[in-house]
Amino acid sequence: MNPSQIKEKLLEILISNGYQYEKFNVFPSAKKEFGDFSTNLFFKLKKTEKQISTDDLINLIKNDPWIKENFEKIEEKNGFINFFVKNQVVYATVEEILRADRAYGKNNLGNKKKVLIEFVSANPTGPLTIAHGRQAAFGEALARILRACGYSVTKEYYLNDCGRQMELLGVSLKARYLQLKGIPAEIPEDGYHGEYLKDIAEKIQDIALDTDNKFFENFAKEEILKMIKKDLADFNVYFDSWFPESELRNNGDVEKIIEKLKEKGLVYQKDDALWFKSTVFGDDKDRVLRKKDGSYTYLAPDIAYHQDKIKRGFDILINLWGPDHAGYVSRIEAAVKAMGFDPEKLHIIIVQLTTLYRGKEKILMSTRKGQFITLRQLMNEVGPDSTKFFFLFRRADSHLDFDMELAKKQTEENPVFYIQYAFVRAMHILSFGETKGFKQNDFIHADFSLLKQDIEIEMIKRLKNFPLIVEQAAKTLEVSKIAGYILDISGTFHSYYQKFRVVDENEDLSLARLALVKCFSIVMQNGLDMLGISQPEKM
RNA sequence: GCGCCUGUAGCUCAAUAGGAUAGAGCAUCUGCCUUCUAAGCAGAGGGUUGCCCGUUCGAUUCGGGCCAGGCGCGCCA
């Protein structure tokens, strides 16, 4: 039983009685006293020309055979129609979850549509920051959720491996290398001063001191890339594809896309530079593609990159960017529109910054002062799963306060432990049940109608909501909904555990309750899996 | 100055494409362990949803105007 089934039925009833109206909602009831599902149909229907009385409509609904079969009560209250599901229908959920098992919560919303999620895409000039970490956690989780919803998802990392920043990286490494050899050398002011280049310099075999910058640039790039990949792997984030910017430059795609824009009359020359008429598509000013000195801006290859994404046949493009790129959104949207791609299918999600705290104390970060916590340091200290969870609890477009002390605490104050403890408890009960001779294979044959306690019914109903939550998360591209839901059912489970014993003398009841615990563990497992968080079976 | 994001309980956050009396956790106070892990549970207090208008049956949600915080606003990436 879910809202869309009810809505479908209501539509059917309306149509067969001469009403063509579909702009109403069916949603899980706000409160228990309002039943399980509610609809605002009356409010909406009042605005239409054809009138129908409340009683007439209620009667039509009540007399429908399908409604009779599934609901024990239909009532009108405060203008809403409330639906009360029969317990017998609720029990069917237990069987449904047990049968679906690892597939429970999945759907086919995406219908194999191809989605590209581009994220992290940090320049290979230094270690990943916590801002990248949040993007990584979010992107990985979003990909898993969309896959669970039947989308064909590719996770891609766009690698800015050319341009001035890379040159500076080479120069900086060369300076470090020379210093190591006892030769005075200075890193340029706008170069990379981080300690990590010292470590990388030490890995260089003896080479001629006048080796050109390109060598150092490549060496640094490869080493840093290794480091980034290691960080991501330890954070349980994996990319399907690494897309180097250099490819676009080398194969002439940048020139080609500029030519194409020229043909459309969207490019012009001014002040010795080449401009893109992005204002035609709603940007607040036109943007330079090729600078006076003949080199490209960041935008030019990025347009070529998006052209490439489109050419590869993706139906939906999702970009996760940091807030420092927020001002860049309208120009890339303009570019995508210029290429004739439906702008509705491009989703640029700005993943907001994270502020680290130790208790009440804010950790001030400053690259200059060398006071800087990397993703590596954060996950080494807090642990990858905890780190991920904190990143995912909050909506992407909100700033996040991340208290490292709290995240490390192994107490109830820490929501991550609260959740993990709930899961561990469930697993423990299941294995305890096995020692008492209750086999998981038999759960499906249990008499679920023995689950009569209010909290048991409530638990089942909440577990029933899981697929809806997943669907919503996919539709809104909001991962935090699943994190919140998991916290929620964890609470219900703890409460249940406290109130009732699962395994006791009554064998039939024990079996039914074990089945319920199993259902809980399935949902937790599937939910945590969608978030990309591992599930500890012991603590 | 302009643009984007945010503003909800003391703190951190929810609120399912506009729904009913705005909900959780932490913190505070009061109770609960010979039991499948108390890393937990039960209960209490705590609110003019930043402020003001508007749209409507109904606004935390949408629109306009203020206020506060963050981030952008290069022929950098």
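Within every chain, numbering begins at 1; the chains are lettered A, B, ... in the order of the sequence lines, protein sequences first and strands thereafter.
- Nucleotides rA9(B) and rC4(B) have their P atoms positioned 26 Å apart, rounded to a whole Å.
- Taking the C1' atoms as reference points, rU30(B) lies 41 Å from rG70(B), given to the whole Å.
- Nucleotide rG19(B) has rC57(B) as its partner under the Watson-Crick or G-U criteria, with both atom distances under 3.5 Å.
- The gap from the C1' atom of rG31(B) to that of rG45(B) amounts to 15 Å, rounded to the nearest Å.
- Nucleotides rA14(B) and rU49(B) are separated by 12 Å at their C1' atoms, to the nearest Å.
- The ring of Tyr418(A) does not lie on top of the base of rA39(B); it is either too far (5.5 Å or more) or too tilted (30° or more).
- In this structure, Phe80(A) forms an aromatic stack with the base of rA20(B), since both conditions hold: centre separation below 5.5 Å and plane angle below 30°.
- In a base pair of the Watson-Crick type (N1 to N3 plus N6-O4 or O6-N4) or a G-U wobble (N1-O2 and O6-N3), with each distance short of 3.5 Å, rC75(B) is matched with no nucleotide.
- Contact annotation: Lys499(A) side-chain N/O to rC36(B) OP1/OP2 distance is not under 4.0 Å.
- Closest non-hydrogen pair, Phe34(A) versus Ser29(A), comes out as O-OG, 3.1 Å.
- Taking atom P in both rA59(B) and rU55(B), one finds a spacing of 12 Å when rounded to whole Å.
- Across all strands shown, rC29(B) forms a Watson-Crick or G-U wobble pair with rG43(B), both key distances being under 3.5 Å.
- At the heavy-atom level, Lys44(A) lies under 4.0 Å from base atoms of the strands shown.
- Here Ser495(A) does not reach the OP1 or OP2 of rG40(B): none of its side-chain N or O atoms lies under 4.0 Å away.
- Relative to the side chain of Lys77(A), the nucleotides rA14(B), rA20(B), rC36(B) differ in distance, and rA20(B) lies closest.
- rG43(B) and rU48(B) are spaced 25 Å apart, taking the P atom of each and rounding to whole Å.
- Side-chain to base pairing of Asp190(A) with rA77(B): no donor and acceptor N or O lie closer than 3.5 Å to each other.
- Only the P atoms considered, rG25(B) is 24 Å distant from rA17(B), to the nearest whole Å.
- Taking 3.5 Å as the limit, the base of rG19(B) and the side chain of Asn40(A) contain a donor-acceptor pair of atoms between them.
- Applying the 3.5 Å distance criterion, the base of rA20(B) shares a donor-acceptor pair with the side chain of Ser38(A).
- For Arg358(A) and Asp403(A), the salt-bridge test fails: no basic side-chain N is under 4.0 Å from an acidic carboxylate O.
- Using a 4.0 Å heavy-atom distance criterion, Lys31(A) is classed as a base contact.
- The P atoms of rC32(B) and rG46(B) are separated by 24 Å, rounded to the nearest whole Å.
- Comment: Asp36(A) engages Lys461(A) in a salt bridge, judged by a side-chain N to carboxylate O separation of less than 4.0 angstrom.
- At a threshold of 4.0 Å, the pair Arg249(A)-Glu245(A) counts as salt-bridged, since one of the basic side-chain nitrogens sits closer than that to a carboxylate oxygen.
- Taking CG of Asn526(A) as the start and CG of Leu531(A) as the end, the distance is 11.0 Å to the nearest 0.5 Å.
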